[in-house]
Protein chains: 2
Amino acid sequence: MSKKNGLPCAGGDPLALNRQLCFALYAASRAMTRAYQPMLQELDITYPQYLVLLVLWESEQSGGAGAEIGVGALGKRLMLDSGTLTPLLKRMEARGLLIRRRDSGDERITLVALTDGARGLRPRARDWVESQLDDSAVSRETLEQLRSGLWKLLEGLERSG
Amino acid sequence: MSKKNGLPCAGGDPLALNRQLCFALYAASRAMTRAYQPMLQELDITYPQYLVLLVLWESEQSGGAGAEIGVGALGKRLMLDSGTLTPLLKRMEARGLLIRRRDSGDERITLVALTDGARGLRPRARDWVESQLDDSAVSRETLEQLRSGLWKLLEGLERSG
DNA sequence: GATTTTTATATTGTGCACAATTAAATTGTG
DNA sequence: CACAATTTAATTGTGCACAATATAAAAATC
């Protein structure tokens, strides 16, 4: 039996589970979300909610505190649609993490802005992320290569999609 | 502004979205599932259901037609628990893709086995996967490196979890 | 061999994802 | 200006994921 990376990998079968890039992605993505749970529980947020915070924190870094972003722009950044974001943002608003309001200039647009409470979570998230990088069982170089390869894959999938 | 791979990537911010491996994984995994939709729609199954079929097809390759597998073993293979699998397998049974029955030797175990209908889907899936590999915008070598890096990451995450 | 402990699956409840549809505001055109 | 076409969110419905709990069978222990 041929093996690669210590994993059994039937050489002749193009449908072998361990040979599927799609499954490696699926499993790794969920495992990564699991790895974030300790931090997420401490902040009392979910993983997609954390991604929303990343976008809003980043907007405030460049645009100053109080920066607002529309649901559409947020969705483009995270590659999520309003069917996912609308209820998620409502839950975040209910938890006091952000405010939703209509754009006064274009009433179609719903703008979201961080609260001070959500701003206060940022240093805790940053510290945890940095400590995880320090403790990582995988080398920083491998992580770097992975990230770059994943973006290449994403571009390829977008192009053909 | 520093850039990598043509993507804006704020150099100083450890929480920049485009720098997060977790987000690259999350986005790439969903994009990959989207890329499978044409095939999945033709087979009238969902992506996790396809993964179940991969496991069962593979079992029959090595164990002969009629091979059965318990929910637990299936879950270990796909890294999913019964809370996900039980309803998913019931839906697959309702669609005539598999049969569920209790293990006569150990009544705790629910065994699942493919139907002929599900066996008939295999060549169609295989042909589609192979044609996709041929048409891929990303080189086979890059895909190979990605898959190997993802398994390394998975092992690292499992170890620390 | 009765009882405790463990194992295997199922159930319940919450929160995504995403396709499809709806509704409302804006823009473009005659 | 009227009105059709477009844009933007929200809504609806299905199917995962997963934590927590429940249930029942099998093993282990006494």
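A, B, ... follow the sequence lines: proteins, then strands. Residue 1 opens every chain.
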Pick the closest DNA chain D nucleotide for A/R34 and for A/G72 by heavy atoms, then say which residue is nearer the 5' end.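 By nearest-heavy-atom nucleotide position, the 5'-most residue is A/G72.
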Closest-nucleotide mapping onto DNA chain D: is A/T33 or A/T110 further toward the 5' terminus? I mean the 5' end.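 The answer here is A/T110.
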Suppose we screen for salt bridge (charged side-chain N to carboxylate O under 4.0 Å, His left out). Which residues come up paired with [X], at least two apart in sequence or across chains?
X      : result
A/R30  : none
A/R140 : A/D134
B/E42  : B/R124

I'd like to know if A/R147 and A/E144 make a salt bridge, using a cut-off of under 4.0 Å between side-chain N and carboxylate O.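 Counted as a salt bridge, because a side-chain N and a carboxylate O are separated by less than 4.0 Å.
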Could you check whether A/R122 pairs with B/D13 (Lys NZ or Arg NE/NH1/NH2 to Asp/Glu carboxylate O, under 4.0 Å)?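 Judged by the 4.0 Å cut-off on N to carboxylate O distance, A/R122 and B/D13 do form a salt bridge.
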Only pairs at least two apart or in different chains count here, so list each ring pair (Phe, Tyr, Trp, His ring centres under 6.0 Å) that has a residue in residues 78-132 of chain B.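 Residue pairs with at least one partner in residues 78-132 of chain B: B/Y36-B/W128.
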Residues of residues 85-109 of chain B with any non-hydrogen atom less than 4.0 angstrom from an atom of DNA chain D: list those, numerically ordered, please.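 Correct list: B/L88, B/R91, B/R95, B/G105, B/D106, B/E107, B/R108.
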Using a heavy-atom cut-off of under 4.0 Å over every strand shown, decide if B/S82 touches base, sugar-phosphate, or nothing.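 Result for B/S82 = base.
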Along DNA chain D, first and last positions that approach a heavy atom of chain B under 4.0 Å: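 Using the under 4.0 Å cut-off, the span is D/dG15 to D/dA26.
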Share the residues that join A/I99 in a hydrophobic cluster, the rule being Ile, Leu, Val, Met, Phe, Trp or Tyr side chains under 4.5 Å apart at the heavy-atom level.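 None, because no other hydrophobic side chain comes under 4.5 Å of this residue.
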Under 4.5 Å side-chain heavy-atom separation, chaining through any Ile, Leu, Val, Met, Phe, Trp or Tyr, what else clusters with B/I109? Say none if it is isolated.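 Other cluster members: B/L111.
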Do side-chain atoms of B/R102 reach the backbone of B/R108 as a donor and acceptor pair under 3.5 angstrom?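 Present.
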Could you note down all residue pairs passing salt bridge (Lys or Arg N to Asp or Glu O under 4.0 Å) where residues 84-97 of chain B supplies at least one of them, sequence neighbours left out?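 Salt bridge (Lys or Arg N to Asp or Glu O under 4.0 Å) check on residues 84-97 of chain B returns B/D44-B/R95, B/E93-B/R100.
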Heavy atom of residues 40-54 of chain B under 4.0 Å from DNA chain C: which residues?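 Residues of residues 40-54 of chain B that come under 4.0 Å of DNA chain C do not exist, since none gets that close.
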Between B/L150 and A/L21, is any pair of side-chain heavy atoms under 4.5 Å apart?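 Yes - at least one pair of side-chain heavy atoms lies under 4.5 Å apart.
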Measure the shortest side-chain to side-chain distance between A/E58 and B/L15 over non-hydrogen atoms and say whether it is less than 4.5 angstrom.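 Side chain of A/E58 against side chain of B/L15, heavy atoms only: no contact under 4.5 Å found.
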Angle of first-five versus last-five pair axes in the helix from C/dG1-D/dC30 to C/dG30-D/dC1, to 10 degrees: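 Computed from the C1' atoms at both ends, the axes differ by 10°.
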Return the set of residues passing ring pair (Phe, Tyr, Trp, His ring centres under 6.0 Å) with B/Y26 (not counting sequence neighbours), or none when no residue passes.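 Residues passing ring pair (Phe, Tyr, Trp, His ring centres under 6.0 Å) with B/Y26: A/Y47.
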